[in-house]
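Worksheet: the structure to be examined is printed underneath.
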Amino acid sequence: MEKIVRSVKGTRDFYPEEMAVRRWLISKIQQVSAAFGYQEYDGPCLETIDLYAAKSGEELVKEQAFVFPDRSGENIALRPELTPTLARMIASKQNELTFPCRWWSFGPFWRYERPQKGRTREFFQWNIDLIGADQIAADAELIAVAAEFLRSVGVHPDQVKILINDRRLMDAQLSTIGIPLDLRPAVLRQIDRIDKQPAEVWDKNALDLGLVPEQLSQLKSLLGSADLWQQSPELSALFAELDSLGVREYTAYEPKIIRGLDYYTGTVFEARDTAGSFRAILGGGHYSNLVGDVGGKPLPGVGFAMGDVVILLLLESLGLIPEIIPAGEAVFVSVFAEDYRSTSNRIAARLRRAGFKVFSYPGMDKLNKQLKYADKLGARAVLVIGPDEIERAEVVLKDLTARTQQVLPEAELEKGLAAILAQRHTL
RNA sequence: GUGCCUGUAGCUCAACGGCAGAGCGCCUCACUGUGGAUGAGGAGGUUGAGGGUUCGAAACCGUCCAGGCACCCCA
């Protein structure tokens, strides 16, 4: 056991059961993305460090990216996020693309962070963006995509809420309180932390930033104001859009939502479980300049990202991950004795050409052992073909789920199998 | 990167300075041409690694590795 070379810290192995869950998640993501007319794309997993140097918070690149020199000495990063790659891809074809673009992607990312619950060093992320649209309707659409995804995996609106705010609104409010321009970025970051620090600590930090006690109390009453959005024409319009899109129940206004990344300029949102057990499930917002840093003409857009780790933890805790049997729907062809293997092979090959998933037994063991093997692998049906059956041109067809078996003329095998597989596989 | 907690059979956990155990799982048999049930046997451990203290360490002490929680940051 100790001799097994260990895996890299913060990575996960996907055994067939886990891989089946990942496939299931991807299929849900793909379906929702396609339902809104989004097109799939991807970029390389390796990028030059220069791509990230211009934007991306310094910490993400300097301390959280996996960076290494290639054999020529050039510094290469394993992509820690997709947005810079997206910006480059958009900028490269800015004059031939039809805007607004609706693009989505799902793939691996790497960040050199300390692993903990909901955070690994290698993870998968769904990215989805609507690029080249500055309207409230665009923001509403992305939030609707997120909400419809939650709906499609069975999450109820009282289990997860998409919390929404607008940086323009917060900026205006900070201005009203009299917080000078140069202080606002720091204050915004402090707002982002309000639920992570004890009240006294938070108050002290806020005062240390330069706020006067009067401003602090005004700020705190601001952050407790659930109706603040009504003062924002953008958010008022946004919630009206969400209503007509049929996802209003999944959303809520939350003045504490700011989002860390600097490039968000308008609507910002993140999905949280209402029980507060997990970190953010997804996060995104509106940006006004996607491609400026990579040499294109400024383009607005809106998008969000969802990592696989937190959403799967959440779905697991809610019992919403279906039981998926990797070899489900498969047919097992037993081998009665070595002399009969060729007969079993012929039937297995015939069934495969007919479209069935078929697996057999390479060795030679007692029937009960072969059946046990088929059962543990989750086979749906088993064929037994021995001397009696061959003599009469028949096969024994067992339904492992129903625990029944029937003797069929060999010619009716496909029909019998189809009938078994057509039955609802309820557990 | 900072602080705190944890690591015993494949899994979940006992033993807490004095012979390393249980349940589940796994293997064999009862089962002669039939899976999940039942019963009877059996295998499986240098107690995460490598040091120290001690007559004696799974236990106590420091180091490393891995996991968890909070910070940082964010998916």
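The figures that follow rest on heavy atoms only: side chains count, while hydrogens, waters and symmetry mates do not. Because the structure is a prediction, the values reported are computed rather than measured. Each chain gets a letter, A, B and so on, in the order its sequence line appears, and its residues count up from 1.
- Here the side chain of R121(A) pairs no donor or acceptor atom with the backbone of R111(A) at under 3.5 angstrom.
- Contacts of D388(A) with the nucleic acid, taken as non-hydrogen atoms under 4.0 Å apart, include base atoms.
- At a threshold of 4.0 angstrom between heavy atoms, the contacts of E122(A) with the nucleic acid are absent.
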Quick one: which protein N/O atoms are closer than 3.5 Å to N/O atoms of nucleotides 64-71 of chain B? Pair and distance per line, please.
unit_1, atom_1, unit_2, atom_2, d
G67(B), OP1, G10(A), N, 3.4
G68(B), O6, R114(A), NH2, 3.3
C69(B), OP2, K117(A), N, 2.3
C71(B), OP1, K196(A), O, 3.4

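- Although no hydrogens or angles enter the test, the distance criterion places a donor-acceptor pair under 3.5 Å between the side chain of T274(A) and the main chain of Q159(A).
- For the pair R22(A) and F14(A), the cation-pi test (distance below 6.0 Å, angle within 45°) is passed.
- Using a 4.0 Å heavy-atom criterion, one finds that A374(A) contacts no nucleic acid atom at all.
- Comparing the C1' positions of G45(B) and G7(B) gives an interatomic distance of 15 Å, to the nearest angstrom.
- Rounded to an integer number of Å, the gap from L82(A) CG to C74(B) P is 17 Å.
- With distances taken from any side-chain atom of Q64(A) to the nucleotides A75(B), C73(B), U34(B), the minimum falls on C73(B).
- Across the P atoms, U53(B) and C61(B) are found 15 Å apart, a figure rounded to whole Å.
- Along RNA chain B, the nucleotide nearest to K376(A) and the one nearest to Y112(A) differ in position, and the one closer to the 5' end is contacted by Y112(A).
- Partners of F149(A) by ring-ring contact (aromatic ring centres under 6.0 Å, His included), not counting sequence neighbours, listed by chain and number: W126(A).
- For the pair E18(A) (side chain) and Y15(A) (backbone), a donor-acceptor distance under 3.5 Å is present.
- Taking the ring axis of Y264(A) as reference, the NZ or CZ atom of R259(A) does not stay both within 45° of it and closer than 6.0 Å to the ring centre.
- Residues from residues 363-373 of chain A placing a heavy atom under 4.0 Å of any atom in RNA chain B, listed by number, are K366(A), L367(A), N368(A), K369(A), L371(A), K372(A).
- For the C1' atoms, the distance linking G41(B) with G62(B) amounts to 47 Å, nearest Å.
- No side-chain heavy atom of Q30(A) sits less than 4.5 Å from a side-chain heavy atom of L25(A).
- A distance of about 22 Å separates the C1' atoms of G23(B) and C19(B), rounded to the whole Å.
- A14(B) and G48(B) are spaced 14 Å apart, taking the P atom of each and rounding to whole Å.
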Let me see the working for L169(A) and Y253(A) under side chain to side chain contact (heavy atoms under 4.5 Å, CB included), right down to the final yes or no. CA-CA 12 Å; L169(A) 171 64; Y253(A) 175 68; 3.6 Å; yes

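- In this structure, I258(A) places its CD1 atom 16 Å from C1' of C73(B), rounding to the nearest Å.
- Here F336(A) does not lie in a stacked arrangement on the base of G33(B), lacking the combination of planes under 30° and ring centres under 5.5 Å apart.
- Atom pair L188(A):CG and C73(B):P shows a separation of 14 Å (rounding to whole Å applied).
- Residue contacts for I281(A): at a heavy-atom cut-off of 4.0 Å it reaches the sugar-phosphate backbone alone, with no base atom in range.
- Using a 4.0 Å heavy-atom criterion, one finds that K398(A) contacts the bases of the nucleic acid, with or without backbone contacts as well.
- A stem is defined here as three or more consecutive Watson-Crick or G-U pairs, each with both distances under 3.5 Å; for RNA chain B these stems are B:1-7 with B:65-71, B:10-13 with B:21-24, B:26-30 with B:38-42.
- Closest approach of L211(A) and L183(A) over heavy atoms only: CD2-CD2, 4.1 Å.
- Using atom P as the reference point in both U46(B) and A58(B), the two lie 13 Å apart (nearest Å).
- Put simply, the side chain of I191(A) reaches to within 4.5 Å of the side chain of L223(A), judged on heavy atoms.
- Sorted by first and then second residue, the salt bridge (charged side-chain N to carboxylate O under 4.0 Å, His left out) pairs involving residues 274-287 of chain A (not counting sequence neighbours) form an empty list.
- At the heavy-atom level, V310(A) lies nowhere under 4.0 Å from the strands shown.
- Every residue two or more places apart in sequence or in another chain that forms a ring-ring contact (aromatic ring centres under 6.0 Å, His included) with Y41(A) is listed here: W103(A).
- Distance noted for atom P between C11(B) and U54(B): 35 Å (whole Å).
- The P atoms of A43(B) and C27(B) are separated by 16 Å, rounded to the nearest whole Å.
- Close placement of the Y373(A) and Y361(A) rings is indicated, their centers lying within 6.0 Å of each other.
- One can place CD1 of I191(A) at 18 Å from C1' of C73(B), the figure rounded to the nearest angstrom.
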